[in-house]
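We name chains A, B, ... by the order of the sequence lines, and we start the count at 1 in each one.
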Amino acid sequence: MSKSRRLLAWYRDAARELPWRVEPRDPYRVLVSELMLQQTQVDRVVPRFDAFMVRFPTLATLAEADVSKVLEAWSGLGYYRRARSLHRLAREVVARGSGLPQTAAELCALPGIGPYTAAAVASLAFGAAEPVLDGNVMRVAARFLTMGEEARRAPGRAKALRWVRGLMEGAEPGRVNEALMELGATVCTPRAPACPLCPLREECRARVEGRPEEHPPARRVREPEHLRWLAACAVSGRGRWLLRRVEAGAVLRGLWLPPFADAGDGDVVATALGLLPFPVDGGVSLPPVRHSITYRRISVVPVRVAVARELPLPDGWAWADPLVPGLPTSSLLAKLVRRANK
DNA sequence: AACTCGGGGGG
DNA sequence: CCCCCAGAGTT
């Protein structure tokens, strides 16, 4: 039995059932899932995906929606550029009127779609023979071919793509792509791979050499930066929170959060109160919550402030139910709410 | 090629 | 704590 036959047989038996893998494949579902899955694990996408599809069941409904509603449905998923890109993409494609493009080249020209997502949508939704190369597939290829440092450079990636394309001979390209990604996610894992379960184990050079975990080599990352912020958590008598739209150019731009700032060296409570658009009597600082944004490790000190009345607010400010804000936000809000209510 | 952008789960 | 994840866009 050939490599690709063994791979596909394994996939038929072992693949997880996921909401975007329903037959027949809906290109729109494939598109949304691929955007959500960029740098985001399957387990975290599944619940958000279902909610998103209920809210925006078709490309047309997505195009008609306000971008803030799309961001709201994306809240907590991270990498919010993806949501803005998806919304722009929907508007462009709907305005064009000819439906979602079916070739990788045309898909790649749309906002938020790069080489990986273009190949994924073209193959999974439209059957095109386009090999994908994501983190999972790169790891499988790097181990099978013992690529070592080569895996980090452009020629190595091209080699991996050729290897995937070779597996597509006489097979459904989309299934091959999906099977390799599934294999990387569930068997050929970064640490402690389950080689005995792998359909490619016999010819895998890294397994034969006994060091699969050394391929590909860990990528170097930017030195973590440790920051200390404070957040002014003003809660009204009705239990709503004072939120502010984060300014352009800042991290979490465009999302709605309690006003926050660098904690600096001064008095935390005083600094927090200074962020509010109206005077208050005082506040109390709570134990910090941890939040990370790419290379930043942030310790956020909540300063809880009780506000009797919901005073009128300037533009860019709002009173909102923190659990169902009805506004785009970050998971940082939920962390602050949990801390403040404990 | 390097840097930025969220966030959480597993070792 | 460190590591990685169905990457793309910008510089």
Side-chain angles (χ1 to χ4, degrees), chain A residues 15-16 18-21 29-49 71 74-86 88-89 107-125 130-140 152-157 164 174 176-186 188-193 213 216-226 246 248-255 257 289-300 328-335:
Chain A
R16 295 167 289 183
L18 297 172
W20 48 87
R21 286 182 181 167
R29 292 176 77 86
V30 172
L31 174 73
V32 172
S33 69
E34 290 302 339
L35 266 292
M36 285 192 175
L37 286 162
Q38 289 172 5
Q39 294 291 284
T40 308
Q41 273 125 327
V42 165
D43 291 345
R44 299 203 15 252
V45 166
V46 169
R48 302 317 200 88
F49 178 81
L71 280 167
W74 208 273
S75 294
L77 260 184
Y79 287 139
Y80 298 95
R81 176 201 300 273
R82 298 180 294 176
R84 302 180 208 271
S85 297
L86 180 58
R88 267 207 299 146
L89 181 158
L107 287 161
C108 205
L110 294 169
I113 300 201
Y116 163 76
T117 309
V121 174
S123 66
L124 299 176
E130 299 281 356
V132 298
L133 195 60
D134 69 337
N136 288 310
V137 178
M138 189 65 233
R139 185 170 52 255
V140 173
R152 318 180 133 294
R153 297 186 290 272
R157 290 194 289 275
V164 177
V176 172
N177 283 334
E178 218 162 43
L180 285 172
M181 291 191 277
E182 186 78 2
L183 188 66
T186 63
C188 195
T189 48
R191 278 164 309 219
E213 293 182 85
R219 59 193 163 104
R220 44 192 167 289
V221 292
R222 170 165 180 173
E223 182 82 5
E225 185 178 326
H226 293 271
V246 178
V251 161
L252 303 176
R253 59 186 71 100
L255 305 184
L257 287 166
V289 302
R290 307 280 309 168
H291 195 70
S292 62
I293 299 175
T294 66
Y295 57 87
R296 301 177 191 81
R297 309 290 149 70
I298 311 163
S299 177
V300 187
T329 189
S330 147
S331 64
L332 174 57
L333 175 61
K335 293 181 188 176

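Side-chain N or O atoms of A:R82 include none that pairs as donor or acceptor with a backbone N or O of A:G112 at under 3.5 Å. A distance-only check finds no donor-acceptor pair linking the side chain of A:T189 to the backbone of A:A185 [under 3.5 Å].
Applying the Watson-Crick and G-U wobble criteria (two distances, each under 3.5 Å), B:dG6 pairs with nothing in any strand.
Here A:S330 reaches the OP1 or OP2 of B:dG7: one of its side-chain N or O atoms lies under 4.0 Å away. Using a 4.0 Å cut-off, some side-chain N or O of A:H291 falls inside it from OP1 or OP2 of B:dG7. Considering only side-chain N and O atoms, A:T117 lies under 4.0 angstrom from the phosphate OP1 or OP2 of C:dA8. Phosphate contact (OP1/OP2 of C:dC1, side-chain N/O of A:R290, threshold under 4.0 Å): present. Regarding contacts with the backbone of B:dG7, every side-chain N or O of A:K335 stays at 4.0 angstrom or more from both OP1 and OP2. The side chain of A:R81 places no N or O atom within less than 4.0 Å of a non-bridging phosphate oxygen (OP1 or OP2) of B:dT4. Distances shown here put a side-chain N or O of A:Y80 below 4.0 Å from the OP1 or OP2 atom of B:dG7. Here A:Q39 reaches the OP1 or OP2 of C:dG7: one of its side-chain N or O atoms lies under 4.0 Å away.
The nucleotide whose nearest atom lies closest to any side-chain atom of A:Q38 is, among C:dG7, B:dA1, B:dG6, C:dG7. In this structure, the nucleotide among B:dC5, C:dG7, C:dC4 sitting nearest to the side chain of A:T294 is B:dC5. Comparing atom distances between the A:P115 side chain and each of C:dA8, B:dA1, C:dA6 picks out C:dA8 as nearest. Between C:dC1, B:dG8, C:dA6, one nucleotide has an atom nearer to the side chain of A:H226 than all others, and that is C:dC1.
The CG-P distance, from A:L77 to B:dG9, rounds to 12 Å in whole Å. We find that CG of A:L35 is positioned 13 Å from C1' of C:dG9, with the value rounded to whole Å. To the nearest angstrom, C1' of C:dG7 lies 15 Å from CG of A:L86. A straight line from CG of A:D43 to P of B:dG7 spans 18 Å, rounded to a whole angstrom. Remark: P of C:dC4 and CE of A:M138 are 14 Å apart, rounded to the nearest angstrom. One atom, CG of A:L332, and another, C1' of B:dG7, lie 11 Å apart when rounded to the nearest Å. The CZ-P distance, from A:R44 to C:dA6, rounds to 11 Å in whole Å. Rounded to whole Å, atom C1' of B:dC5 lies 12 Å from atom CZ of A:R222.
If you check every strand for non-hydrogen atoms under 4.0 Å, A:W20 touches a base. Using a 4.0 Å heavy-atom cutoff across all strands shown, A:G76 reaches sugar-phosphate atoms only and no base atom. Counting non-hydrogen atoms under 4.0 angstrom, A:S331 reaches the backbone sugars and phosphates but no base. Residue A:A218 is in sugar-phosphate contact alone, with no base atom involved, counting any heavy-atom pair closer than 4.0 Å across all strands shown. Contact annotation for A:R84: no contact, since no heavy-atom pair falls under 4.0 Å across all strands. When heavy atoms are screened at a 4.0 angstrom cut-off, A:L252 is found touching the sugar-phosphate backbone but no base atom. Counting any heavy atom pair closer than 4.0 Å across all strands shown, A:R296 reaches sugar-phosphate atoms only and no base atom.
Taking OG of A:S330 as the start and CG of A:L252 as the end, the distance is 5.0 Å to the nearest 0.5 Å. Between atom OH of residue A:Y79 and atom CD of residue A:Q38 there is a gap of 10.0 Å, rounded to the nearest 0.5 Å. Distance check, rounded to the nearest 0.5 Å: CZ of A:R152 to CZ of A:R157 gives 10.0 Å. Rounded to the nearest 0.5 Å, atoms OG1 (A:T117) and CG (A:L86) are 11.0 Å apart.
When the P atom is used for both B:dG6 and C:dT11, the distance is 16 Å, rounded to whole Å. Comparing the same atom, P, in C:dA6 and in B:dG11 gives a spacing of 15 Å after rounding to whole Å.
In this structure, A:R16 and A:L110 both approach DNA chain C, and ranking their closest nucleotides by distance from the 5' end singles out A:R16. Residues A:A185 and A:I113 each lie close to DNA chain C; by heavy-atom proximity, the contact nearer the 5' end of the strand is made by A:A185.
Here A:E213 does not pair with A:R191 in a salt bridge; the nearest charged N to carboxylate O distance is not below 4.0 Å.
No N or O donor and acceptor, one from the side chain of A:S85 and one from the base of C:dG9, sit under 3.5 Å apart.
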